[in-house]
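Below, read A as the first sequence line, B as the second, and so on, with proteins coming before strands; counting in each chain starts at 1. Being a predicted model, the structure only gives us computed values, none of them experimental.
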Amino acid sequence: MINRTRIRDALKATEPMESVTVMGWVRTRRDAKDFSFVDLNDGSCLSGLQVILPGDLPDYDRWIGEITTGASLQVQGHLVASQGKGQRWELQASAVQLMGRSDASYPLQKKRHSPEFMREMAHLRPRSNLFGSVFRVRSRLAQAVHRFFSERDFFYIHTPIITASDCEGAGELFRVTTLDPSRGGDPTKDFFGKPSYLTVSGQLAAETFACALSNVYTFGPTFRAENSNTSRHASEFWMIEPEMAFCDLGGDMDLAEAFVKYLIQDTLDQSAEEMAFFDAFVDKGLLERLRWILERPFERVAYTQAVDILLQSGQRFEYPVQHGLNLQSEHERFLTESHFKGPITVYDYPKAIKPFYMRANDDGQTVAAMDVLVPGIGEIVGGSQREERLEVLESQLRAHDLSLEDYSWYLDLRRYGSVPHSGFGMGFERMLMFLTGVTNIRDVIPFARTPGHASF
RNA sequence: UCCAGAGUAGCUCAAUGGUAGAGCAAUCGGCUGUUAACCGAUCGGUUGUUGGUUCGAGUCCAACCUCUGGAGCCA
């Protein structure tokens with residue numbers, strides 16, 4: 001295949017280039033008197049390259065009509081300074097090859113489309129400015145996650161996607177089976193000899209590795225069979241879960257906050273063009289908000305303080321504010337959007353509303369849990385110090401009606417050389433929403449899976 | 001799953017219970033170093049589905065489907 005120049009590189013040129021070959025998809029064509037302008041995009045960056053197709057190219061009149069929106073082209077030519085305004089470089093074509101036609105039924109138009117409409121054609125939407133940008137940023141964000149942990153000497157652990165432990169009761173699980181549903185379902189005859197599921201969290205597995213390699217993280221797909229129909233829940237999503245031995249809740253919060261800031265900074269640095277686009281067309285004020293967050297420390301509020309703030313706010317809430325009750329979305333909203341006007345970390349939650357594995361505090365009422373809440377999205381990080389005391393953990397399992405036998409391997413970590421350890425989970429897509437200003441999780445996942453939807 | 005709102009041309013939206021329209025897109029033509037180009041023309045409809053009320057339903061009623069916003073569960 002011909003050595004092609006990516007449009008991103010062509011646009012970064014510092015001087016004219018002889019004989020450049022680019023390939024991409026036509027966004028628009030505008031005909032001038034003796035030539036045509038083509039806006040060609042190859043996805044390497046948000047901007048397209050302006051291509052000039054001179055009218056004296058062989059058989060121009062025969063093929064120019066086929067250079068339509070959506071068509072794929074190979075163009076050879078000279079990269080020269082643009083005579084027009086709006087772009088620095090343009091490609092004066094000397095040869096054009098139509099690779100793939102695109103007829104009038106091509107659904108993407110030059111004008112702006114609603115995200116809802118674009119969702120109906122998830123296979124074509126990455127060719128749009130918005131979704132192309134979202135998925136370029138998504139890729140860079142994933143790389144940044146690995147870089148952050150790599151720089152801090154964390155080991156990346158591939159925890160299993162199929163699991164036999166219905167761990168921590170974190171939502172409904174998808175059953176994995178090879179049994180014929182019409183012939184009954186004896187789990188002992190199933191593929192793994194017992195009921196198995198898609199993972200809802202890699203945490204427990206990560207804990208075992210933290211209690212050996214010290215600092216580890218997982219980053220992979222996670223599945224919840226909840227019938228959630230909201231803009232921030234998906235049945236299949238990606239989660240990042242670091243786990244640190246010899247680390248208490250304070251260290252956990254330090255890491256979570258540093259992580260959020262790192263990802264913001266990295267995205268601003270590496271995706272400047274896309275971020276400017278989001279700021280202009282998706283969420284005005286996005287850049288200002290993110291920069292402001294970078295500059296200041298996260299506010300840390302104990303759960304009881306947070307409740308006091310809500311009680312004293314004079315604000316009317318639909319749901320009651322009361323010590324011991326979970327914070328509702330509207331409460332989190334008030335705290336992040338109205339009171340603190342930025343991300344906050346709420347810690348030391350009531351024991352009764354948190355899972356069994358969180359470390360009991362000395363007050364007997366609370367556990368060493370923490371949530372990082374951000375404006376617009378709510379919970380973006382949830383974590384805790386883990387209960388490392390064997391007897392306490394056993395009594396917690398019993399209190400939650402969980403089988404000690406099923407968790408024997410988990411209890412072994414406390415039986416043999418137990419250490420204080422902590423970790424958290426971050427929803428990758430929620431972070432991406434926070435960074436791009438895109439308000440629906442379905443628009444930051446290439447092919448979203450939600451209740452009733454597994455198309456494409 | 002619950003509450004609310006919305007489904008009309010390819011898209012975004014109009015239309016007192018009385019002849020279904022505009023802008024954009026597409027197609028054709030014109031003009032032009034254009035860039036969400038511009039100007040003119042053409043094309044474009046089982047008004048989400050089914051049933052009901054009515055002389056007459058896009059409009060009113062019922063059920064269902066889909067989407068959106070909010071809630072719960074959470075990341």
Side-chain angles (χ1 to χ4, degrees), chain A residues 27-40 47-55 65 68-70 80-87 90 92 102-121 128-129 168-172 199-203 219 221-241 256 281 317-319 326-333 353-355 371-374 377-383 424-434 439-445 450-453:
Chain A
R27 285 291 177 80
T28 55
R29 189 189 91 229
R30 296 175 293 276
D31 292 332
K33 193 171 183 185
D34 301 314
F35 59 96
S36 276
F37 295 100
V38 167
D39 182 12
L40 196 71
S47 300
L49 179 64
Q50 173 156 288
V51 176
I52 311 294
L53 302 179
T68 55
T69 302
V80 298
S82 177
Q83 299 169 34
K85 287 174 184 168
Q87 62 280 315
E90 64 187 23
Q92 288 280 349
S102 176
D103 69 21
S105 65
Y106 184 66
L108 290 178
Q109 299 166 10
K110 173 70 178 181
K111 66 173 204 159
R112 199 172 163 183
H113 286 299
S114 68
E116 293 81 21
F117 174 62
M118 297 288 248
R119 240 173 260 155
E120 295 169 14
M121 36 182 195
S128 68
N129 287 336
E168 60 183 292
E172 296 294 312
T199 183
V200 294
S201 167
Q203 180 198 317
F219 179 17
T222 309
F223 306 88
R224 305 268 167 97
E226 292 286 345
N227 191 10
S228 301
N229 287 291
T230 81
S231 55
R232 46 187 198 288
H233 289 86
S235 310
E236 176 182 308
F237 63 99
W238 283 59
M239 189 155 64
I240 302 144
E241 294 173 288
F281 296 108
F317 295 108
E318 195 181 337
Y319 291 86
N326 223 333
L327 297 178
Q328 303 289 321
S329 289
E330 57 170 346
H331 305 149
E332 297 180 351
R333 277 236 161 100
I353 59 173
K354 290 291 181 184
D371 286 348
V372 176
L373 310 176
V374 297
I377 301 195
E379 185 179 342
I380 202 167
V381 166
F424 63 80
M426 169 188 279
F428 181 65
E429 284 81 8
R430 288 199 181 165
M431 188 66 203
L432 190 55
M433 292 165 72
F434 180 59
T439 55
N440 196 310
I441 197 166
R442 285 169 266 242
D443 297 332
V444 299
I445 299 177
T450 54
H453 298 278

*Whole-Å distance between B/rC73 C1' and A/His331 NE2?*
16 Å
*C1' atom, B/rA57 versus B/rU16: distance in rounded Å?*
14 Å
*Taking all heavy atoms of A/Glu172 and all of A/Glu226, pick out the closest pair and write down the distance.*
N-OE2, 3.1 Å
_Can you say whether a donor on the side chain of A/Asn229 sits under 3.5 Å from an acceptor on the base of B/rU1, or the other way round?_
yes
*Round to the nearest Å and state the distance from A/Ile377 atom CD1 to B/rC74 atom C1'.*
14 Å
*asked:* Taking B/rG7 as the reference, what is the distance to B/rA15 when you measure between their C1' atoms (whole Å, please)?
replied: 16 Å
*State which of B/rU1, B/rU34, B/rC74 makes the closest approach to the side chain of A/Arg30.*
B/rU34
*asked:* Without decimals, in angstroms, what is the distance between A/Glu116 CD and B/rA6 C1'?
replied: 11 Å
*A/His453 side chain, from C-beta outward: closest of B/rC67, B/rA71, B/rU12*: B/rC67
*From B/rG70, B/rG72, B/rC74, pick the nucleotide closest to the side chain of A/Ser231?*
B/rG70
*Strictly by modelled atom types, are A/His233 and A/Thr230 linked by a side-chain donor-acceptor pair under 3.5 Å?*
yes
*Among A/Trp238, A/Phe428, A/Phe237, find the residue that satisfies the side-chain contact (heavy atoms from CB on, under 4.5 Å) test when tested with A/Pro221.*
A/Trp238
*asked:* So A/Glu90, base contact, sugar-phosphate only, or nothing? Heavy-atom distance under 4.0 Å.
replied: base
*When the P atoms of B/rU54 and B/rC11 are considered, how many whole Å apart are they?*
35 Å
*asked:* Are the side chains of A/Thr69 and A/Gln109 in contact, using a 4.5 Å heavy-atom criterion?
replied: no
*Taking the same atom, P, in B/rC65 and in B/rU50, what whole-Å distance lies between them?*
15 Å
*Select from A/Ser114 and A/Leu327 the residue whose nearest nucleotide in RNA chain B is closer to the 5' end of that strand.*
A/Ser114
*asked:* If I compare all heavy atoms of A/Ala256 with all of A/Val381, which pair ends up nearest, and what's the gap?
replied: CB-CG1, 4.1 Å
_Can you tell me which residue among A/Arg27, A/Lys110, A/Arg29 is in a salt bridge (Lys or Arg N to Asp or Glu O under 4.0 Å) with A/Asp39?_
A/Lys110
*Side-chain heavy atoms of A/Leu108 within contact of A/Met118, under 4.5 Å*: yes
*For this output row, return yes or no: ring centroids of A/His331 and A/Phe317 closer than 6.0 angstrom.*
yes
*asked:* What's A/Ile380 touching, base or sugar-phosphate or nothing? Going by heavy atoms closer than 4.0 Å.
replied: sugar-phosphate
*asked:* Distance check needed: B/rU34 C1' versus A/Asp34 CG, whole Å only.
replied: 13 Å
*A/Leu373 side, atom CG; A/Arg333 side, atom CZ - distance, nearest 0.5 Å*: 11.5 Å
*Would you state whether a donor and an acceptor, one from the side chain of A/Gln92 and one from the base of B/rG33, lie under 3.5 Å apart?*
yes
*asked:* Roughly how many Å apart are B/rA9 and B/rG48, using the C1' atom of each and rounding to a whole number?
replied: 15 Å
*Grab the CG-C1' distance between A/Leu373 and B/rC74 for me, whole Å please.*
12 Å
*Taking the side chain of A/Lys33 as heavy atoms from C-beta outward, which of B/rG33, B/rA37, B/rA71 is closest to it?*
B/rG33
*Is the base of B/rC73 touched by the side chain of A/Ser228 through a donor-acceptor pair closer than 3.5 angstrom?*
yes
*Quick one: is B/rG72 close enough that its OP1 or OP2 comes under 4.0 Å of any side-chain N or O from A/Ser329?*
yes
*Nearest whole angstrom, please: distance from the P of B/rC67 to the CG of A/Asp443.*
13 Å
*If we take the P atom in both B/rC2 and B/rC64, what is their distance in whole Å?*
10 Å
Write out a two-atom table: protein N or O, nucleotide N or O from nucleotides 46-49 of chain B, distance below 3.5 Å.
none

_Trace of the side chain to side chain donor-acceptor pair (under 3.5 Å) decision for A/Arg30 with A/Thr28_ = CA-CA 7 Å; A/Arg30 296 175 293 276; A/Thr28 55; 3.2 Å; yes
*Atom CZ of A/Arg29 to atom P of B/rU34: distance rounded to whole Å?*
17 Å
*Answer with yes or no whether A/Gln83 presents, from its side chain, a donor or acceptor under 3.5 Å of a partner atom in the base of B/rU34.*
no
*Can you tell if the side chain of A/Asn227 reaches within under 4.5 Å of the side chain of A/Pro451, non-hydrogen atoms only?*
yes
*Given that A/Glu429 and A/Phe35 both sit by RNA chain B, which one's nearest nucleotide is further toward the 5' end?*
A/Phe35
*Going by modelled atom types, is there a donor-acceptor pair between the base of B/rC11 and the side chain of A/His113 at under 3.5 Å?*
no
*Can you tell me how far P in B/rC24 sits from the matching atom in B/rU19, rounded to whole Å?*
26 Å
*Under 30°, 30 to 60°, or over 60°: which ring-plane class applies to A/Phe37 and A/Phe35, parallel, tilted or perpendicular?*
perpendicular
*Give A/Asn227 one of three labels, base, sugar-phosphate or nothing, depending on what nucleic acid heavy atoms sit under 4.0 Å from its own.*
base
_Side chain proximity check, A/Phe434 to A/Ile380, heavy atoms < 4.5 angstrom_ = yes
*asked:* Could you measure the distance from the OG atom of A/Ser329 to the CD atom of A/Glu318? Nearest 0.5 Å is fine.
replied: 11.0 Å
*asked:* In whole Å, measure the gap between the P atoms of B/rA14 and B/rG23 for me.
replied: 16 Å
*Between B/rC74, B/rC11, B/rU34, spot the one nearest the side chain of A/Asn326, thanks.*
B/rC74
*Which heavy atom in A/Gln92 sits nearest to a heavy atom in A/Pro54, and how many Å separate them?*
OE1-CG, 4.4 Å
Restricting both atoms to N or O, compile the protein contacts to nucleotides 21-26 of chain B shorter than 3.5 Å, with distance only.
unit_1, atom_1, unit_2, atom_2, d
B/rA25, O4', A/Gln109, OE1, 3.4
B/rA25, O2', A/Gln109, NE2, 3.3

*Rounded off to whole Å, could you give me the CD-to-C1' distance for the A/Glu172 and B/rU1 pair?*
12 Å
_Heavy atoms only, 4.0 Å cut-off, all strands: where does A/Phe117 land among base, sugar-phosphate and nothing?_
sugar-phosphate
*asked:* Both atom distances under 3.5 Å, Watson-Crick or G-U wobble: I'd like the secondary structure of RNA chain B as a dot-bracket string, with | for pairs made across strands.
replied: (((((((..((((....[..)))).(((((.......))))).....(((((..]....))))))))))))....
